[in-house]
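Comments concern the structure below.
Residues: numbered from 1 along the sequence shown. Both counts, for ligands and for their atoms, begin at 1 and track the order of listing.
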Amino acid sequence: MFPQVRMRRLRSGKIRDLVRETELSANDLIYPMFVDEATDSIVDISSMPGVQRLPLDKVVDDAKDAADLGIPAVVLFGIPEHKDETGTSSYGDEDIVQQAVRAIKEDLGEDMVVITDVCMCEYTSHGHCGIVDFETEDVLNDPTLDILGKIAVSHAKAGADIVAPSGMMDGMIGAIRTALDEDNFKNTPIMSYAAKYSSAFYGPFRDAADSGFQFGDRSTYQMDPANSDEAIREVELDILEGADIVMVKPALPYLDIIYRIKHEFKMPTAAYNVSGEYSMLKAAAEKGWLDEKKVMYESLMSIKRAGADMILTYFAKDLARMLK
Ligand code: PBG
């Protein structure tokens with residue numbers, strides 16, 4: 001009790017460092033990259049200052065920059081030239097992500113873990129994450145699973161180190177695990193976007209990946225932000241289906257979910273600091289309302305403190321530079 005106890009005794013100078021419970025490291029970071037088949041030059045994404053869509057021949061340089069900064073992993077999103085109702089340019093050996101994976105692995109090898117986003121929304125003309133019944137406007141779960149399996153196998157063939165399904169279809173982890181195993185990719189880990197909420201914070205990403213939907217929304221397959229126990233069920237099922245890493249997304253508005261998942265399952269846990277979380281800090285910093293570096297650091301620290309082992313973030317290079 002006060003005055004014997006004074007919490008401030010441990011709060012200054014090197015003592016403060018000594019008692020710090022959470023430490024951020026470049027090793028925690030996964031850097032998202034957008035590879036655009038339809039451009040020859042680097043395209044700035046206006047709603048995400050500092051983030052760009054890259055043509056294939058610029059991808060390796062950017063991944064190298066990340067590696068030089070000590071970032072161990074990138075996650076790749078593809079923007080195809082051709083979109084159709086069933087997302088057929090998502091699983092060909094010469095499609096954009098497959099080429100990007102090969103290019104990075106050829107150059108960087110073991111020095112960069114290449115993770116691929118496994119989803120249909122960037123490849124479908126309607127922008128949904130699966131096969132659509134146009135009469136009912138339903139996104140059809142089961143027919144989508146086959147395609148997700150094909151996408152994952154094509155990524156693994158190209159050399160992806162980890163595949164990351166993000167479409168929130170029921171049974172997708174099991175279907176992908178089976179497809180990978182049948183093609184002899186038994187050792188390719190799956191990072192599941194296990195508790196993915198139907199969030200308005202994905203807005204800027206949909207500009208970046210050109211994956212906005214033409215009708216409806218994603219609330220029939222992504223989670224209701226009001227639910228927390230449901231996240232436990234989602235994650236539990238994905239673990240049973242063979243997920244190696246589980247993800248919570250978005251991160252900052254869902255720190256309670258990250259905390260619960262880490263404590264309940266003790267699995268390698270990822271959190272996705274999504275586009276809207278990034279853009280709002282950038283916008284406030286541009287206006288001079290927030291100190292960008294400090295709010296970035298505090299945000300990412302909080303995500304880690306909540307229980308995330310790794311963070312997917314557009315700030316990856318900025319933070320890595322700051323930690324150097
Ligand atoms: C789906 C996917 C999305 C994001 C990552 N993978 C968008 C969505 O579900 O609409 C969002 C990432 C972000 O907002 O930064 N392939």
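The backbone N or O of A308 sits nowhere less than 3.5 Å from a side-chain atom of K304 that would complete a donor-acceptor pair.
If you check the side chains of Y31 and D62, you find a donor sitting under 3.5 Å from an acceptor.
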Between K293 and D318, is a salt bridge (Lys or Arg N to Asp or Glu O under 4.0 Å) present by the stated rule, with each step listed? CA-CA 8 Å; K293 285 218 166 88; D318 292 343; over 6 Å; no
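Residue pairs meeting the ring pair (Phe, Tyr, Trp, His ring centres under 6.0 Å) criterion with at least one partner in residues 162-199, sequence neighbours excluded, are Y197-Y254.
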Any protein N or O within less than 3.5 Å of an N or O in ligand 1? List each pair with its distance, or say none.
residue  : atom   : partner : partner atom : Å
ligand 1 : 6 (N)  : K249    : NZ           : 3.3
ligand 1 : 9 (O)  : K196    : NZ           : 2.7
ligand 1 : 9 (O)  : Q222    : NE2          : 2.9
ligand 1 : 10 (O) : R206    : NE           : 2.7
ligand 1 : 10 (O) : R206    : NH2          : 2.5
ligand 1 : 10 (O) : R218    : NE           : 2.9
ligand 1 : 10 (O) : R218    : NH2          : 3.2
ligand 1 : 14 (O) : S275    : N            : 3.3
ligand 1 : 14 (O) : S275    : OG           : 2.7
ligand 1 : 15 (O) : S275    : N            : 2.7
ligand 1 : 15 (O) : Y314    : OH           : 2.6
ligand 1 : 16 (N) : D117    : OD2          : 3.1
ligand 1 : 16 (N) : E122    : OE2          : 3.0
ligand 1 : 16 (N) : S166    : OG           : 3.1

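Remark: D40 CG is loosely packed, at most 12 non-hydrogen atoms of other residues, nucleotides or ligands lying under 6.0 Å away. Remark: R233 CZ is loosely packed, at most 12 non-hydrogen atoms of other residues, nucleotides or ligands lying under 6.0 Å away.
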